[in-house]
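I have placed the structure first, in the form of structure tokens, so that the comments after it can refer back to it.
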Amino acid sequence: VKTKKISAKEVSQFFLDRAQRLDTKLNSFIGLNPDLLQQAEAVDQRIAKGEDVGPLAGVPYGIKDMFCTKGLRTTAGSKILENFVPPYDATVVAKIKAAGGLVLGKLNQDEFAMGSSNETSFFGSVKNPWNTDYVPGGSSGGSAAGQAARLCAASLGTDTGGSIRQPASFCGIVGVKPTYGRISRYGIIAYASSLDQAGPMVNSVADAALSLEVLCGKDARDMTTADREVPAFSKNINRSLKGLKIGLQKEAVQAGGLHPDVQKSVDQAVAFLKSEGAEIVEVSIPLTEMAVPVYYLVATSEASSNLARYDGVKYGYRADFPNLSAIDLEEFYSKTRGQGFGKEVKRRIVLGTFCLSAGYYDAYYNKACQVRRLLRDQYLAAFKNCDVILSPVSTSPAFKLGDRIFNPLTMYLNDIFTVSTNLAGLPGMSVPFGFSGEGLPIGIQLTAAHFEEQKMLNVGAALEGAAPDKKKVPHVY
Ligand code: GLN
């Protein structure tokens, strides 16, 4: 776009046409930006005037519907926000625009980012473009499916317990969750504030690195953002593995229970890294076995508090009360929230409220926080012996729609390898590496020490180059 080989408007038109033509099969978008082409033209006009538009000049992003977009409906996949139009942009959305990028549309997701299969959205399930009988993963399922089918040039997701990495793995794209504090959460609808992070879901490690350069950085509007310089991730990518120590996480690869095709991808990835001169060392995070219960106590506790704001008073859905003065506040809240939230969200509000209640707080919430701290310490110890930890993203490739949604426990266990990263605040990513026998993509997870995204991106770039069948494209494409 910058060199005027193609205009921003043509690029936007290309992706818009694809989204309109192909998304009937996937349901990855909740809404498209009606002003996209006009905004793309504005980029072209600035380029014509010789202005430096920024590193993302004319790049149409699909944005998960957790991010507030000024003047553009933002639902978090929930009926309770079905008609919510934010008066401001999330910091990351503002940053994309300031770098010349465009908002193509808003992507479907599990309701309030609670889920691993994108089957809890008020706007319907999303389908996996590699095989539409299968889930795309969740909660950023719309971002993963839309990106894999190339309905947008890049996309944004959020990751509280794996929601960038797991759907990226299920759909065969690159997904990065940076260190907690790298990216501002201002304007992102809150699920579990101490775990939530935004990140890119894109076609390549290079695209992820470039996106991160724009997205990261201290924000005066989010006190938890880190005052750290943002490295030139994309320029610094180095695929050489000589002298690098890759930690193979014992619990993740020896516990058994891994789908044989996932095991095969892990084995092939390790063999490749070894052949390129990396040293493979075994590392252990024994508290991995506690990660799922700890995560579901912390996340639901924070969610029960964060979601208290949807009370039908200031914004969002309000139940229909023909005679408002005849009802009491309790009835007003319970009817509004009872109708506005879906089943999974209610389950978590109830569980979180229970964990935080007097008498149970110490036994559940407090205990979970203590184990969380110990888990973090185990990671810090492991990173004394290695640069990057390699593990599967998920125990299996994508599963079938409807297979797990009626059994929350099976669904939660699916997150075993991703939630620890969030509990410890570490950066993690998923890189596509091979396919299952059924032709579904499989991702490899890389985790680095706090603020060491570059090391992880470097190993990711090396793996990406060696990925089996990397020219394959999805069925819906
Ligand atoms: N599957 C996990 C959950 O349901 C993670 C979701 C996420 O990262 N937003 O909470």
Side-chain angles (χ1 to χ4, degrees), residues 64-67 76-78 107-121 125-126 135-144 155-171 175-178 180 183 185 188-201 291-304 306-307 341-352 355 368 372 393-396 398-399 403-430 443 445 447:
K64 186 180 184 182
D65 223 10
M66 285 294 261
F67 296 87
S78 183
L107 292 159
N108 205 345
Q109 57 165 93
D110 279 302
E111 186 178 3
F112 284 101
M114 297 174 185
S116 308
S117 63
N118 214 133
E119 293 171 287
T120 73
S121 170
S125 302
V126 176
V135 303
S139 64
S140 314
S143 307
S155 75
L156 271 192
T158 62
D159 191 311
T160 303
S163 281
I164 287 178
R165 291 159 287 154
Q166 185 255 27
S169 164
F170 282 11
C171 291
V176 180
K177 177 207 102 67
Y180 184 81
I183 295 185
R185 289 180 294 110
I188 304 178
I189 292 172
Y191 163 14
S193 311
S194 78
L195 303 162
D196 296 343
Q197 258 298 280
M201 300 177 69
V292 169
V294 168
Y295 169 80
Y296 277 94
L297 293 176
V298 172
T300 56
S301 296
E302 292 186 20
S304 73
N306 272 327
L307 270 57
F341 288 130
K343 204 170 164 187
E344 182 60 29
V345 174
K346 284 183 200 158
R347 185 186 347 261
R348 294 184 186 209
I349 292 174
V350 171
L351 180 60
C355 296
R372 177 181 187 178
V393 177
S394 189
T395 48
S396 70
F399 43 91
D403 246 16
R404 299 193 188 170
I405 190 70
F406 301 108
N407 187 343
L409 212 54
T410 335
M411 191 70 97
Y412 295 177
L413 280 171
N414 176 73
D415 300 334
I416 176 103
F417 300 134
T418 48
V419 292
S420 308
T421 317
N422 303 72
L423 289 168
L426 299 164
M429 72 187 287
S430 172
Q445 176 166 239
T447 311

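Heads up: numbering here begins at 1 and tracks the sequence. Just so you know, these numbers use all the heavy atoms, side chains as well, and skip hydrogens, waters and symmetry mates. Read the numbers this way: they start at 1 and go in the same order the structure lists the ligands and their atoms.
At distances below 3.5 Å, not a single donor-acceptor pair connects side-chain atoms of Thr447 with backbone N or O atoms of Gly428. Side-chain atoms of Gln109 come within 3.5 Å of backbone N or O of Met66 as a donor-acceptor pair. In this structure, Asp159 contributes its side chain and Val176 its backbone to no donor-acceptor pair below 3.5 Å. For the pair Ser117 (side chain) and Gly138 (backbone), a donor-acceptor distance under 3.5 Å is absent. In this structure, the side chain of Ser139 does not engage the main chain of Gly115 through any donor-acceptor pair within 3.5 Å. Judged by distance alone, with hydrogens and angles left aside, the side-chain atoms of Thr120 form a donor-acceptor pair with the main-chain N or O of Met114 at under 3.5 Å.
Counting heavy atoms closer than 4.0 Å to ligand 1, residue Asp415 contributes side-chain atoms (C-beta onward) but none from N, CA, C or O.
For ligand 1, none of its N or O atoms has an N or O atom of Asp159 under 3.5 Å away. The shortest N or O to N or O distance between Gly161 and ligand 1 is under 3.5 Å. For ligand 1, the polar-atom distance check finds an N/O of Ser116 within less than 3.5 Å of one of the ligand's N/O atoms. In terms of polar-atom proximity, defined here as any N/O pair under 3.5 Å, Ala113 does make such a contact with ligand 1.
Residue-ligand proximity: Glu344 is placed with every non-hydrogen atom at 4.0 Å or more from ligand 1.
Atoms of ligand 1 lying under 4.0 Å from at least one heavy atom of Tyr191, given by number and element, are 3 (C), 9 (N), 10 (O). Set against the non-hydrogen atoms of Tyr296, the atoms of ligand 1 under 4.0 Å away are 1 (N), 2 (C), 3 (C), 4 (O), 10 (O). Proximity to Tyr295 (heavy-atom distance under 4.0 Å) selects the following atoms of ligand 1: 2 (C), 3 (C), 5 (C), 6 (C), 10 (O). Which parts of ligand 1 touch Gly115 is read off a 4.0 Å heavy-atom cut-off, strictly below it: atoms 1 (N), 2 (C), 3 (C), 4 (O), 6 (C).
At least one side-chain heavy atom of Leu195 sits under 4.5 Å from a side-chain heavy atom of Arg372. Looking only at side-chain heavy atoms (C-beta outward), Asp196 and Ile188 stay at 4.5 Å or farther from each other.
Among protein heavy atoms, the minimum distance from atom 7 (C) of ligand 1 is reached at Ser163 OG, 2.3 Å.
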